[in-house]
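To start, the structure itself, in structure tokens.
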Amino acid sequence: MFESTATYPAAYVSDNVEPAEALRLALAWVADQSGVKPLILMHAKKMKGNDPQVAKIIDRHGLSVESPNSSAAGQHSAPVIAIWPSDAVIEHIDSRHRRTPAAVCLIKSSRPGAQDGWIAAHQAVDLVSGGAAERPTLADPVVEHAMRQAGNDINHNNMLVTQDDKAYVVRTLQELDRSGHTFDVEPLCSWALANGWPGDEVAELRKIAIRVKAGSKFVLRDTWGPKAGAARQWEAEVHNGAGGGA
């Protein structure tokens with residue numbers, strides 16, 4: 001069954017803002033959310049040295065820099081400022097294995113990927129414009145309906161690593177793909193994150209979706225999941241108004 005998406009104040013600074021200024025904006029926003037010092041989260045701790053001005057600000061404020069692989073990275077609920085976040089950083093923020101942060105601000109990198117999905121999923125506020133991102137939806141209502149069914153049936157505690165849950169999701173995406181209900185990987189993952197799939201599970205969903213789109217073969221040892229032709233039933237259900245709702 002679905003569990004609620006992790007909720008906390010969320011914001012971001014776009015990649016066209018100079019990094020030191022972006023960090024100042026992030027620090028000011030975090031100070032308004034919580035009186036606790038934020039944790040700086042980077043893909044690797046050594047990335048602190050990528051920008052000398054950013055490093056100076058971090059040192060001046062006495063901030064701790066961690067990576068997703070750090071033992072301390074998920075052990076407390078301090079606010080998080082994620083600088084130039086990789087997909088691994090994004091997945092870690094909403095991982096079931098870490099405490100929910102008090103607030104999160106992303107300082108975006110220029111690379112596409114999970115950061116944009118996180119911004120949409122959490123309806124993060126742009127600290128420059130003040131506007132909030134729109135909650136993600138899927139362009140094809142049949143895809144959304146099928147994925148909602150999958151999300152209601154699988155056990156999200158298993159993170160798509162058990163044979164039955166993985167088989168269900170693989171077969172759902174394969175049936176959508178072969179029936180002409182196409183999906184793009186990042187919007188799919190953004191939608192999942194906004195609808196209760198934890199970050200580490202979304203990481204597995206991304207891998208599966210990429211392979212399905214590429215036509216890769218799967219060895220599935222479990223028979224659970226939609227059978228060939230299930231898309232016709234999904235289409236009828238959407239047509240009859242059964243595809244909406246949270």
Side-chain angles (χ1 to χ4, degrees), residues 1-3 5 43-44 68-69 85-98 109 111-121 136-239 242-243:
M1 296 294 291
F2 275 120
E3 297 183 13
T5 302
H43 183 75
N69 294 325
S86 63
D87 288 0
V89 167
I90 296 298
E91 290 147 8
H92 175 76
I93 290 171
D94 287 328
S95 166
R96 198 178 294 275
H97 301 294
R98 65 152 293 142
S109 70
R111 62 183 295 276
Q115 60 182 351
D116 296 308
W118 179 91
I119 287 167
T137 58
L138 295 175
D140 188 331
V142 175
V143 174
E144 184 162 343
H145 179 56
M147 289 304 297
R148 197 173 296 282
Q149 284 193 356
N152 285 335
D153 286 343
I154 65 174
N155 184 342
H156 292 282
N157 290 311
N158 293 334
M159 307 298 172
L160 295 183
V161 297
T162 60
Q163 289 296 324
D164 54 349
D165 289 333
K166 179 178 179 179
Y168 195 113
V169 171
V170 168
R171 290 194 172 96
T172 297
L173 294 178
Q174 286 178 328
E175 174 64 8
L176 288 167
D177 187 62
R178 66 175 161 250
S179 63
H181 293 285
T182 58
F183 54 87
D184 292 322
V185 173
E186 288 307 325
L188 180 74
C189 292
S190 176
W191 178 90
L193 188 64
N195 285 274
W197 299 53
D200 24 19
E201 184 180 42
V202 172
E204 294 302 315
L205 174 63
R206 180 178 288 104
K207 294 174 187 175
I208 291 170
I210 289 171
R211 290 186 62 195
V212 169
K213 294 278 286 184
S216 300
K217 301 293 185 182
F218 289 82
V219 178
L220 302 176
R221 298 184 179 86
D222 194 279
T223 60
W224 196 34
K227 303 297 187 288
R232 290 193 294 273
Q233 180 178 343
W234 296 332
E235 291 162 357
E237 289 169 345
V238 169
H239 179 74

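All heavy atoms count here, side chains included; hydrogens, waters and symmetry mates do not.
- With His156 contributing its side chain and Gly151 its backbone, the two residues share a donor-acceptor pair below 3.5 Å.
- In this structure, CG in Asp140 is found 8.5 Å from CD in Glu235, a value given to the nearest 0.5 Å.
- Looking at every heavy atom in both residues, Ala192 comes nearest to Val202 through CB-CG2, 4.3 Å.
- A donor-acceptor contact closer than 3.5 angstrom links the side chains of His145 and Gln149.
- Listed by chain and residue number, Gln115 satisfy the side chain to side chain donor-acceptor pair (under 3.5 Å) test with Ser109 (two or more places apart in sequence, or in another chain).
- Formation of a donor-acceptor pair under 3.5 Å by the Asp200 side chain with backbone atoms of Ser95 is not found in this model.
- Checking each of His92, Arg111, His43 against Ser86 for a side chain to side chain donor-acceptor pair (under 3.5 Å) leaves exactly one that passes, namely His43.
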Under 3.5 Å, side-chain donor or acceptor atoms of residues 165-172 against the rest of the protein: list the pairs with distances, not counting sequence neighbours.
| residue | atom | partner | partner atom | Å |
| --- | --- | --- | --- | --- |
| Asp165 | OD1 | Asn155 | N | 3.4 |
| Asp165 | OD2 | Asn158 | ND2 | 2.9 |
| Asp165 | OD2 | Thr162 | OG1 | 3.2 |
| Tyr168 | OH | Asp153 | OD2 | 2.7 |
| Arg171 | NH1 | Asp222 | O | 2.7 |
| Arg171 | NH1 | Trp224 | O | 2.9 |
| Arg171 | NH2 | Asp222 | O | 3.0 |
| Thr172 | OG1 | Tyr168 | O | 2.8 |

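- For Lys207, the salt bridge (charged side-chain N to carboxylate O under 4.0 Å, His left out) criterion is met by Glu204, not counting sequence neighbours.
- Across Val143 and Leu176, no two heavy atoms sit closer than the pair CA-CD2, 3.9 Å.
- For Ala203, the side-chain contact (heavy atoms from CB on, under 4.5 Å) test picks out Glu91, with sequence neighbours left out.
- Between the Lys213 side chain and the Phe183 main chain, a donor and an acceptor come within less than 3.5 Å of each other.
- Here CD1 of Ile90 is found 9.0 Å from CG of Asp116. Values are rounded to the nearest 0.5 Å.
- For the side-chain contact (heavy atoms from CB on, under 4.5 Å) test, no residue two or more places apart in sequence or in another chain qualifies with Ala139.
- Pairs passing the salt bridge (charged side-chain N to carboxylate O under 4.0 Å, His left out) check and including a residue from residues 174-197, sequence neighbours excluded, read Glu175-Arg178, Glu186-Arg206.
- For the residue pair Ala120 and Pro136, the shortest heavy atom distance occurs at O-CD, 3.1 Å.
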